[in-house]
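Notes to accompany the following structure.
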Amino acid sequence: MDSFELKEVQRLEGHTDRVWSLDWNPATGHAGIPLVFASCSGDKTVRIWEQNLSTNLFSCKAVLEETHTRTVRSCAWSPSGKLLATASFDATTAIWENVGGDFECVSTLEGHENEVKSVSWNASGTLLATCSRDKSVWIWEVQPGNEFECVSVLQGHTQDVKMVRWHPTEDILFSCSYDNNIKVWADEGDSDDWQCVQTLGESNNGHTSTVWALSFNASGDKMVTCSDDLTLKVWETENIGMQSGGGFAPWRHICTLTGYHERTIFSVHWSRGGIFASGAADDAIRLFASNSESQVDGPLYKLLLKKEKAHDMDINSVQWSPGEKPLLASASDDGTIKVWDLIS
């Protein structure tokens with residue numbers, strides 16, 4: 001555990017309220033393209049940060065403002081990196097397009113009754129999912145000319161839905177909620193008739209309090225979830241490919257990581273290299289990796305390191321960058337974003 005260090009590369013200031021979420025642009029960070037990420041805040045703005053290739057430091061390239069009238073809670077880049085979706089407490093989701101370095105709001109999605117909490121693109125960029133405090137999950141189809149059509153409204157959660165995430169390779173949607181459950185949604189055939197195909201809850205080793213976030217490993221056969229119950233849970237599915245054939249391979253719980261966090265875990269993100277990071281209300285970042293020395297009944301994952309006082313206040317979001325050697329970014333109630341390098 002002593003052989004790893006999380007080194008602070010940069011502390012980014014600019015937001016004037018808590019920073020809720022951030023998202024790296026997936027089309028950046030390779031082939032000489034500088035890394036770019038977006039951050040969103042209680043100050044009603046979204047900021048675009050870009051890395052300088054000669055110094056490796058980030059600076060704010062754009063501030064997207066005067067569109068949302070309340071907190072911007074979530075932001076997500078399309079797979080091509082050309083569009084950015086932002087979800088707000090003003091009950092709208094805005095779609096921004098990068099036009100020659102300027103970001104223009106090209107579409108506004110309305111329909112949720114109140115705060116939109118999360119937004120996510122599917123792997124092909126043809127579908128967008130949003131979720132809200134109104135307990136619903138909406139699926140939007142991307143049409144030509146930056147038009148978006150709502151093709152399904154999913155009612156299944158009994159409380160505020162905190163996050164939606166598409167599976168990294170299949171058109172299967174996951175939502176996690178204040179009702180302590182994770183729901184798995186799939187399209188039954190060509191009818192745009194989306195159904196809940198599985199609920200991961202207390203009865204099948206699920207969480208006992210609000211589920212805040214989830215993330216998939218690179219191959220998409222494992223998922224990690226984090227909760228107000230102070231645990232991280234890892235789930236797996238047998239056969240991802242089977243799901244595209246209309247079949248569905250259910251997810252099952254394989255382990256619970258407990259005793260590491262003293263307060264609510266708000267964010268978890270799995271790197272392509274197999275390390276997952278968690279950010280929590282105890283102001284610390286923790287990194288976990290699979291435990292190769294695991295005994296037969298031993299823990300499947302081990303704590304790699306704990307970064308105490310990573311921020312001055314709650315950590316709302318942690319996310320690994322794309323690119324050869326990933327960086328970790330964290331966003332906090334203290335109004336700052338930090339960029340970290342994992343040194344072994």
Side-chain angles (χ1 to χ4, degrees), residues 18-24 26 37-42 44 46 68 70-79 83-96 108-123 125 127-140 148 150 152-168 171-185 194 196 200 207 210-216 223-228 264-270 278-279 314-319 329 331:
R18 69 183 60 177
V19 188
W20 276 112
S21 183
L22 54 90
D23 194 44
W24 295 92
F37 70 89
S39 61
C40 58
S41 165
K44 308 173 193 167
V46 178
H68 289 299
R70 292 183 63 195
T71 291
V72 188
R73 180 66 180 82
S74 172
C75 53
W77 295 96
S78 64
L83 298 176
L84 177 71
T86 57
S88 169
F89 284 7
D90 65 14
T92 72
T93 302
I95 309 294
W96 307 80
T108 303
L109 314 186
E110 298 178 346
H112 282 293
E113 289 170 25
N114 44 36
E115 291 125 330
V116 187
K117 293 293 179 78
S118 175
V119 59
S120 177
W121 301 83
N122 71 339
L127 296 170
L128 187 74
T130 57
C131 66
S132 165
R133 203 181 103 183
D134 66 15
K135 308 174 192 171
S136 72
V137 174
W138 290 44
I139 295 177
W140 308 80
F148 289 77
C150 177
S152 202
V153 176
L154 310 178
Q155 308 277 5
H157 287 291
T158 57
Q159 300 279 339
D160 184 349
V161 189
K162 296 292 187 191
M163 180 185 261
V164 279
R165 274 296 171 272
W166 290 96
H167 185 272
D171 281 347
I172 296 171
L173 182 65
F174 295 71
S175 58
C176 50
S177 166
Y178 198 79
D179 65 13
N180 310 351
N181 291 325
I182 300 144
K183 286 191 176 284
V184 188
W185 309 88
W194 289 79
C196 177
L200 305 175
H207 291 289
T210 304
V211 189
W212 278 95
L214 62 94
S215 179
F216 296 93
M223 165 175 74
V224 60
T225 57
C226 67
S227 166
D228 185 49
T264 302
I265 311 164
F266 290 125
S267 181
V268 63
H269 194 248
W270 215 318
S278 61
D314 293 11
I315 296 168
N316 296 316
S317 184
V318 286
Q319 198 180 61

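The figures that follow rest on heavy atoms only: side chains count, while hydrogens, waters and symmetry mates do not.
Going from atom CZ of Phe37 over to atom CG of Leu84 covers 12.5 Å, rounded to the nearest 0.5 Å. We find the CG-OG distance between Leu22 and Ser267 to be 8.0 Å, quoted to the nearest 0.5 Å. Atoms CG and OG1, from Asp314 and Thr264 in turn, are 8.0 Å apart once rounded to the nearest 0.5 Å. For the atom pair Thr92 OG1 and Glu110 CD, the distance stands at 6.5 Å (nearest 0.5 Å). Note that the SG atom of Cys176 and the NZ atom of Lys162 stand 9.5 Å from one another [nearest 0.5 Å].
Checked against side chain to side chain contact (heavy atoms under 4.5 Å, CB included), Ser88 has the following partners two or more places apart in sequence or in another chain: His68, Arg70, Asp90. Taking His112 as the reference, Trp138 meet the ring pair (Phe, Tyr, Trp, His ring centres under 6.0 Å) condition, with sequence neighbours excluded. Under the side chain to side chain contact (heavy atoms under 4.5 Å, CB included) criterion, Ser278 pairs with Leu232, His261, Ile265, Arg286, Phe288, sequence neighbours left out. Applying the side chain to side chain contact (heavy atoms under 4.5 Å, CB included) criterion to Ala76, with sequence neighbours excluded, gives Asp23, Val119, Trp121. Under the rule for a side-chain hydrogen bond (donor to acceptor under 3.5 Å, both in side chains), Trp24 has no partner lying at least two apart in sequence or in another chain. Remark: Asp179 pairs with His157, Ser177 by the side-chain hydrogen bond (donor to acceptor under 3.5 Å, both in side chains) rule, at least two apart or across chains. Shown here are the salt bridge (Lys or Arg N to Asp or Glu O under 4.0 Å) partners of Asp171, two or more places apart in sequence or in another chain: there are none. The salt bridge (Lys or Arg N to Asp or Glu O under 4.0 Å) search around Lys183 returns none, not counting sequence neighbours. By the side-chain hydrogen bond (donor to acceptor under 3.5 Å, both in side chains) test, Trp270 is found to be paired with no residue, residues two or more places apart in sequence or in another chain being considered. In this structure, the ring pair (Phe, Tyr, Trp, His ring centres under 6.0 Å) partners of Trp212, at least two apart in sequence or on a different chain, are Phe266. Residues satisfying the side-chain hydrogen bond (donor to acceptor under 3.5 Å, both in side chains) criterion with Ser78, sequence neighbours excluded, are Ser80. With sequence neighbours excluded, the residues satisfying ring pair (Phe, Tyr, Trp, His ring centres under 6.0 Å) with Trp166 are Trp194.
When all heavy atoms of Val268 and Ser215 are compared, the pair lying nearest together is O-CB, 3.5 Å. Nearest heavy atoms, Val19 versus Asn316: O-ND2, 3.0 Å. Annotation for Pro168 and Ala123: closest pair O-CB, 3.3 Å, computed over non-hydrogen atoms. Between Leu173 and Leu154 the shortest heavy-atom distance is CD2-CD1, 4.3 Å. The two atoms that bring Lys135 and Asp160 nearest to each other are CG-N, 4.1 Å, heavy atoms only. Minimum interatomic distance between Ser175 and Trp185 (heavy atoms only, all atoms of both residues): OG-NE1, 2.9 Å.
Counting only heavy atoms from C-beta outward, the side chains of Leu200 and Met223 approach each other to under 4.5 Å. Put simply, the side chain of Gln319 does not reach to within 4.5 Å of the side chain of Ser21, judged on heavy atoms. Taking 4.5 Å as the limit, some side-chain heavy atom of Cys75 sits within range of a side-chain heavy atom of Cys40. Here the side chains of Val116 and Ser74 are not in contact, with every heavy-atom distance at 4.5 Å or above.
A side-chain donor-acceptor contact under 3.5 Å links Ser41 to the backbone of Arg18.
The local environment of CZ in Phe89 is crowded, with over 12 non-hydrogen atoms from other residues, nucleotides or ligands closer than 6.0 Å. Within 6.0 Å of CD on Glu113 lie no more than 12 heavy atoms contributed by other residues, nucleotides or ligands.
Evaluated for a side chain to side chain contact (heavy atoms under 4.5 Å, CB included) with Leu128, the options Ile95, Val164, Asn122, Leu83 yield exactly one hit, Ile95. A side chain to side chain contact (heavy atoms under 4.5 Å, CB included) with Phe174 is found for exactly one of Leu214, Val137, Thr225, namely Leu214.
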